[in-house]
Amino acid sequence: MPMSLPICRPRILAICSKVPPGFAGDPLIRLRFIAVAHPEHPLHQLGRELTLQDLRKHRHLVIRDTGSQRRAGSWLGAEQTWTVSHKATSIHAAGMGLGFAWFPEEMVLGELERGLLKALPLREGGERWAELYLVFADRDYAGPGALRLAEIIRELVAAQCRNLGHPASGQRPAPGGTDSAPSL
């Protein structure tokens with residue numbers, strides 16, 4: 001007699017930069033990305049505000065897209081890109097002067113403080129913002145473990161934001177107003 005296996009519902013919970021069509025997500029955190037390179041990188045040696053055209057002439061360090069529809073290469077059309085698999089590898093490569101990249105500011109604070117990286121003086125586009133969302137595939141099918149994990153993630157993100165002096169979870173920046181997700 002054939003054995004019946006329970007239906008597996010993969011990816012019950014996800015953290016995404018965009019809520020996929022057909023799903024609902026709650027804002028989790030808002031991240032500020034800055035463009036950085038080693039202080040001795042040729043881009044810093046230009047001694048002026050940089051343009052996107054300046055960036056296109058230098059190696060752009062890109063972290064591999066892990067999505068099912070991977071994008072390849074540099075979104076800004078850089079002549080040369082190095083694609084790496086991990087953020088730590090990209091940070092290390094930038095710190096060695098091998099290229100420039102955008103990172104969440106909080107992720108490279110130590111390198112900035114130690115002088116291993118320096119923000120690029122871009123005339124425009126020197127900072128980018130990304131919001132991360134906590135998304136359930138279908139909350140009705142989520143078990144107590146998945147629900148608790150979501151609660152833990154929200155609590156840890158809110159605590160980290162409080163420690164860093166960022167807005168509390170559940171608030172959203174509005175024109176002259178509040179913030180829906182903590183900002184980093």
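These values consider heavy atoms only, across backbone and side chains, with no hydrogens, waters or symmetry-generated copies. The shown structure was predicted, so the numbers you read here are calculated from the model rather than taken from an experiment.
Here the closest non-hydrogen pair linking Ala35 and Leu122 is CB-CD1, 3.8 Å. Smallest separation of non-hydrogen atoms from Val135 and Gly25: CG2-CA, 3.9 Å. In terms of heavy atoms, Ala24 sits closest to Val19 at C-CG1, 4.0 Å. In terms of heavy atoms, Ile63 sits closest to Ser90 at CG1-CB, 3.9 Å. For the pair Leu134 and Leu28, the tightest heavy-atom approach, listed with the atom from each and the gap, is N-CB, 4.2 Å. Scanning both residues, Gly95 and His38, for their nearest heavy atoms gives O-CD2, 2.8 Å.
Two different hydrophobic clusters hold Leu112 and Leu50 under the rule that ILVMFWY side chains link at heavy-atom gaps under 4.5 Å. Leu55 and Trp82 end up in different hydrophobic clusters when Ile, Leu, Val, Met, Phe, Trp and Tyr side chains are linked at under 4.5 Å. Leu116 and Leu43 fall into different hydrophobic clusters, where Ile, Leu, Val, Met, Phe, Trp and Tyr residues are linked whenever their side-chain heavy atoms come under 4.5 Å apart, directly or through other members. Taken together through direct or relayed side-chain contacts under 4.5 Å among Ile, Leu, Val, Met, Phe, Trp and Tyr, Val157 and Phe33 form part of one hydrophobic cluster. At a threshold of 4.5 Å between side-chain heavy atoms, the hydrophobic network of Ile, Leu, Val, Met, Phe, Trp and Tyr places Val108 and Leu132 in two separate groups.
Ring pair Phe100/His41 is perpendicular by interplanar angle, where above 60° counts as perpendicular and below 30° as parallel.
Atom CD1 in Ile15 sits 4.5 Å away from atom CD1 in Ile153 (nearest 0.5 Å). Note that CD1 of Ile29 is 9.5 Å distant from CD of Glu131, once rounded to the nearest 0.5 Å. For the atom pair CZ of Arg59 and CD of Gln80, the computed distance is 4.0 Å after rounding to the nearest 0.5 Å. Note that NZ of Lys87 is 15.0 Å distant from CG of Leu61, once rounded to the nearest 0.5 Å. Remark: Ile12 CD1 to Asp138 CG distance equals 8.0 Å, nearest 0.5 Å. Going from atom NE2 of His58 over to atom CG of Leu98 covers 14.0 Å, rounded to the nearest 0.5 Å.
The only member of Ile34, Val36, Leu109 that meets side chain to side chain contact (heavy atoms under 4.5 Å, CB included) when paired with Leu117 is Val36.
With respect to Asp26 and Arg154, a salt bridge is recorded, a charged nitrogen being found less than 4.0 Å from a carboxylate O. Under 4.0 Å is where a charged nitrogen must lie from a carboxylate oxygen, and between Arg128 and Glu105 no such pair does.
Contact annotation: the side chain of Trp129 approaches that of Glu127 to within less than 4.5 Å [non-hydrogen atoms, C-beta and beyond]. Using a 4.5 Å cut-off on side-chain heavy atoms (C-beta onward), Arg64 and Val84 make no contact. For the pair Arg56 and Leu52, the minimum side-chain heavy-atom distance is below 4.5 Å. The closest side-chain heavy-atom distance from Phe23 to Arg139 is not below 4.5 Å.
Residue His44 places its NE2 atom among more than 12 non-hydrogen atoms of other residues, nucleotides or ligands, all under 6.0 Å distant.
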Inset, instruction - Begin from the C-alpha positions of Arg123 and Asp54 and carry the test salt bridge (charged side-chain N to carboxylate O under 4.0 Å, His left out) through to its verdict. - result: CA-CA 11 Å; Arg123 183 170 64 198; Asp54 293 323; over 6 Å; no
